[in-house]
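This report refers to the structure that appears directly beneath it.
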Amino acid sequence: MKIGSVVVLSLHSPKEKVWGQLTDLTSAGVTIYGIDLATFEDWLNRFGSEEGTGFATVFYPLYRVERIALDEPVAMVPSLAERFQQRTGQNLHEFLPGNL
């Protein structure tokens with residue numbers, strides 16, 4: 001995985017999943033610019049409102065990381081980035097800040 005890839009980060013203690021853009025990956029942990037996956041649908045429904053993006057840059061220590069998966073389509077199921085584009089008409093990489 002490369003910096004800038006869109007990923008789903010699975011964590012434990014507590015269990016959670018985060019979706020977003022990978023900004024750093026080191027032996028200490030993972031930094032991601034994203035949102036909690038549990039809020040994805042709600043975020044899409046509110047997209048474009050004046051409430052902001054909901055994205056945050058967060059560091060997760062490596063001991064919490066269970067796995068990192070690329071956000072990619074599986075069979076006929078679109079990736080989350082593709083769902084974002086279908087619903088908003090915007091390309092996710094154009095939406096995300098360019099300096100990541």
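- For Glu66 and Lys17, the salt-bridge test fails: no basic side-chain N is under 4.0 Å from an acidic carboxylate O.
- To the nearest 0.5 Å, atoms CG (Leu25) and CG (Leu9) are separated by 9.5 Å.
- For the atom pair CD (Gln21) and CG (Leu92), the distance works out to 7.5 Å, reported to the nearest 0.5 Å.
- Here the side chain of Arg64 pairs no donor or acceptor atom with the backbone of Leu11 at under 3.5 angstrom.
- Of all the heavy atoms in His93 and Gly4, the pair that sits closest is CE1-O, 3.4 Å.
- No more than 12 heavy-atom neighbours from other residues, nucleotides or ligands sit within 6.0 angstrom of CZ on Arg67.
- Although no hydrogens or angles enter the test, the distance criterion places no donor-acceptor pair under 3.5 Å between the side chain of Gln85 and the main chain of Glu82.
- Rounded to the nearest 0.5 angstrom, Trp19 CH2 and Leu37 CG are separated by 9.0 Å.
- Ile3 and Val7 fall within a single hydrophobic cluster, where Ile, Leu, Val, Met, Phe, Trp and Tyr side chains are chained together by heavy-atom contacts under 4.5 Å.
- Within the model, atoms OG1 of Thr57 and CD1 of Ile32 stand 9.5 Å from one another, a figure rounded to the nearest 0.5 Å.
- Linking ILVMFWY residues whenever their side-chain heavy atoms come closer than 4.5 Å, directly or via other members, places Val30 and Leu70 in the same cluster.
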Practice item. Quick one: do Trp43 and Phe84 satisfy ring-ring contact (aromatic ring centres under 6.0 Å, His included)? Show the steps, please. Key: CA-CA 10 Å; Trp43 173 75; Phe84 171 82; 5.5 Å; yes
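- Contact detail for Asp71 and Ala81: the closest heavy-atom pair is OD2-N, 2.8 Å.
- Atoms OH and CG, on Tyr33 and Leu96 in that order, are 6.5 Å from each other to the nearest 0.5 Å.
- Ring geometry, Phe95 versus Phe55: the interplanar angle exceeds 60°, so the pair is classed perpendicular (tilted spans 30 to 60°).
- Of all heavy-atom pairs between Leu62 and Thr26, the closest is CD2-O, 4.3 Å.
- A continuous path of ILVMFWY side-chain contacts below 4.5 Å connects Val58 to Met1, so both sit in one hydrophobic cluster.
- Between the CD atom of Glu16 and the OG atom of Ser10 there is a distance of 10.0 Å, given to the nearest 0.5 Å.
- Counting all heavy atoms, side chain and backbone alike, Tyr60 lies closest to Val18 at OH-CG2, 3.4 Å.
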